Undergrad: 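Provided herewith is a single structure, encoded as structure tokens, for subsequent inquiry.
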Amino acid sequence: MAAQMRMNAAQRTVASRAGARSVVSVRAQATAGKLAKASVPLKLEEGEMPLNTFSNKAPFVGRIKSVKRIVGPKATGETMHIIIETDGKIPFWEGQSYGVIPPGVKVNSRGKEVPHGVRLYSIASSRYGDTFDGMTTSLCVRRANYWDEEMKADDPAKKGICSNFLCDAAPGTEIMMTGPAGKVLLLPDSPNTPVIMAATGTGIAPFRSFWRRLFFENVPSYKYTGLFWLFMGAANSDGKLYDDELTQIAETYPENFRLDYALSREGAPNKRGGKMYIQDKMEEYADEIFDLLNNSGAHMYFCGLKGMMPGIQEMLERVCTEKGLKYEEFIEGLKHENRWHVEVY
């Protein structure tokens, strides 16, 4: 089942959302309604992209600034927005990831106690952080629990070590970090380029880093004039992430921003009568998406659980066939031009 929220130049008002949500608002420097772009320390625009500055053998130690729940009570699972104080000492670019090393040890296959391994998390803020000064970074983390059918409860022995550490962390808690890593999900060089993004769950994180840079910050060297089109999949309205920020962008930049939700447990079904998943919502706009890819040099991004990709790939192959295109050649062409970006986990 689905619900849609689409914003473009022809629709300059934001569709109302059914029901209020009891969530903590993660809001940038914005007034009620339209956004005012924040000034940022432009020195962070200089130099080469940071890459693997810190390693698991020599990690950076940051400090938790805040941990806030950002989903409603009916969401499937608990997702937190976590701000980390870095003092600007582990800089990054939008689309990169940090590694986090949870505290404690584990017993390896040889019976020896060793430190926990690194867990990768996409960075959910721009390089300037939520405070626009380059002194913080942010993560979007869903608490990983294991439901035991026999116990009829979460099994604490099987919970995600790192996600629970982060979600339970108090302000001031030290956090060991590696990276930044990754160069797959970077923004296009030209600020005129359309970007089409598909995200499920916490896969929204790198795209939040994008929209913060493009719409919340005054960066003279990257004034965005293209189309930012986001497809977001969730189970229901309570699972929408950062919807307050997206609403503000829609109100302020209607000609440069579109948002479509695929809510699998709410709203109308897909055209085949089944639940509305992200690939179904994208298929509704296949003609526009392919036009942007073929004629406007658009980049396409995917981030989220790896289970999202088979359905998306099947949909794209079906559309290619309908349009007389060879799917493999079409995707290879996008990859060759560095316009196909996939990071799933």
Side-chain angles (χ1 to χ4, degrees), residues 24-30 36-70 80-104 115-141 162-183 185-187 202 205-222 242 245:
V24 177
S25 178
V26 182
R27 209 174 278 278
Q29 181 177 317
K37 285 194 172 183
S39 297
V40 292
L42 296 176
K43 187 175 181 179
L44 292 180
E45 299 297 312
E46 302 171 3
E48 298 295 320
M49 178 182 68
L51 194 64
N52 299 320
T53 311
F54 293 89
S55 67
N56 57 342
K57 293 184 178 180
F60 174 80
V61 180
R63 300 174 305 280
I64 297 293
K65 180 179 177 68
S66 64
V67 178
K68 296 180 179 179
R69 179 185 171 105
I70 55 171
M80 305 292 196
H81 182 76
I82 300 169
I83 301 178
I84 302 166
E85 295 176 331
T86 64
D87 299 327
K89 295 178 180 178
I90 184 169
F92 62 95
W93 282 9
E94 296 75 18
Q96 290 190 295
S97 300
Y98 281 137
V100 175
I101 306 173
H116 288 296
V118 174
R119 275 71 161 177
L120 285 177
Y121 292 93
S122 296
I123 300 169
S125 70
S126 80
R127 67 190 72 184
Y128 300 104
D130 286 7
T131 49
F132 304 107
D133 56 8
M135 295 291 109
T136 68
T137 189
S138 300
L139 302 178
C140 179
V141 179
C162 195
S163 67
N164 279 272
F165 159 68
L166 290 169
C167 291
D168 292 334
T173 300
E174 291 189 342
I175 172 175
M176 291 192 293
M177 304 166 62
T178 66
K183 47 188 178 182
L185 294 185
L186 301 180
L187 280 166
T202 57
F207 306 139
R208 181 179 187 261
S209 80
F210 288 4
W211 78 61
R212 298 279 296 190
R213 177 169 176 80
L214 303 186
F215 299 114
F216 281 72
E217 299 164 353
N218 184 14
V219 182
S221 62
Y222 205 91
Y242 306 111
E245 293 186 359

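Here, residue 1 is the first one in the sequence, and each next residue gets the next number. Predicted, not measured: the structure shown is a model, and the values here were computed from it.
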Undergrad: Do you know which two heavy atoms are closest between T53 and P180, and how far apart they sit?
TA: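 The pair with the smallest heavy-atom distance is OG1-CD, 3.7 Å.
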Undergrad: Give the C-alpha distance, both sets of side-chain angles, the deciding distance and a yes or no for side-chain contact (heavy atoms from CB on, under 4.5 Å) between Y121 and S163.
TA: CA-CA 10 Å; Y121 292 93; S163 67; 4.1 Å; yes
Undergrad: When rounded to the nearest 0.5 angstrom, what is the spacing between NZ in K68 and CE in M80?
TA: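 Separation between the atoms: 12.0 Å.
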Undergrad: Do V100 and L139 have side-chain heavy atoms sitting under 4.5 Å apart?
TA: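 The answer is yes, as the side chains (C-beta and beyond) meet within the 4.5 Å cut-off.
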Undergrad: Please examine the side chains of S122 and S97, heavy atoms only from C-beta on, and report whether any two atoms are closer than 4.5 Å.
TA: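 Yes, side chains in contact.
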Undergrad: Report yes if some heavy atom in the side chain of L166 is under 4.5 Å from a heavy atom in the side chain of I175; otherwise report no.
TA: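 Of all side-chain heavy-atom pairs linking I175 with L166, at least one is under 4.5 Å.
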Undergrad: How close do L51 and G182 get, counting heavy atoms only, and between which atoms?
TA: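 Here L51 and G182 meet closest at CD1-N, 3.8 Å.
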Undergrad: Is the shortest heavy-atom distance from the side chain of F165 to the side chain of T173 under 4.5 Å?
TA: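 In short, these two side chains touch, coming nearer than 4.5 Å.
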Undergrad: Show the nearest heavy-atom pair for residues M176 and P59, with the distance to one decimal.
TA: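 That would be SD-CG, 4.0 Å.
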Undergrad: Any idea which heavy atoms bring C167 and V67 closest together, and the distance?
TA: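 The pair with the smallest heavy-atom distance is O-CG1, 3.5 Å.
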Undergrad: Is any side-chain heavy atom of I84 closer than 4.5 Å to one of T136?
TA: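 Contact flag for T136/I84 side chains = no.
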Undergrad: Measuring from atom CD1 of I82 to atom CD1 of I70, what distance do you get when rounded to the nearest 0.5 angstrom?
TA: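 Interatomic distance, I82 CD1 to I70 CD1, rounded to 0.5 Å: 9.0 Å.
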Undergrad: Determine, for E217 against R127, whether the closest basic-nitrogen to carboxylate-oxygen distance falls under 4.0 angstrom.
TA: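 Salt bridge flag = no for R127 with E217.
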Undergrad: Using a 3.5 Å distance criterion without hydrogens, assess whether the side chain of Y98 forms a donor-acceptor pair with backbone atoms of F92.
TA: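 Such a contact is absent between Y98 side chain and F92 backbone.
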Undergrad: Nearest 0.5 angstrom please: I101 CD1 to T178 OG1, how far?
TA: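 Result: 6.0 Å between the selected atoms.
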Undergrad: With a 4.0 Å cut-off, would you call R212 and E245 a salt bridge?
TA: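 A salt bridge is present here (some side-chain N lies under 4.0 Å from a carboxylate O).
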Undergrad: So which heavy atom on Y242 is nearest to which on A124, and how close?
TA: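 Taking Y242 first and A124 second, the nearest heavy atoms are OH-CB, 4.2 Å.
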Undergrad: If every non-hydrogen atom of P41 is compared with every non-hydrogen atom of D133, which pair is closest and at what distance?
TA: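 Where P41 meets D133 most closely, the heavy atoms are CG-O, 3.7 Å.
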Undergrad: Would the distance check show the side chain of E45 and the main-chain N or O of L42 forming a donor-acceptor pair, the cut-off being under 3.5 Å?
TA: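 The answer is no, because no donor-acceptor pair under 3.5 Å joins these two groups.
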Undergrad: Which value, rounded to the nearest 0.5 Å, describes the distance between Y128 atom OH and R213 atom CZ?
TA: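 Answer for the OH-CZ pair, Y128 versus R213, is 5.5 Å.
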Undergrad: Evaluate the side-chain proximity of F60 to K89: yes if any heavy-atom separation is below 4.5 Å, no if none is.
TA: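 Yes, at least one pair of side-chain atoms sits under 4.5 Å.
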Undergrad: Among K65, R208, M135, find the residue that satisfies the side-chain contact (heavy atoms from CB on, under 4.5 Å) test when tested with D130.
TA: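 So the option named by the test is R208.
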Undergrad: Could you measure the distance from the CD atom of E94 to the CG atom of L214? Nearest 0.5 Å is fine.
TA: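 Separation between the atoms: 8.0 Å.
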Undergrad: About how many Å separate CD1 of I123 and CH2 of W93, when rounded to the nearest 0.5 Å?
TA: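 Atom-to-atom, W93:CH2 and I123:CD1 are 13.0 Å apart.
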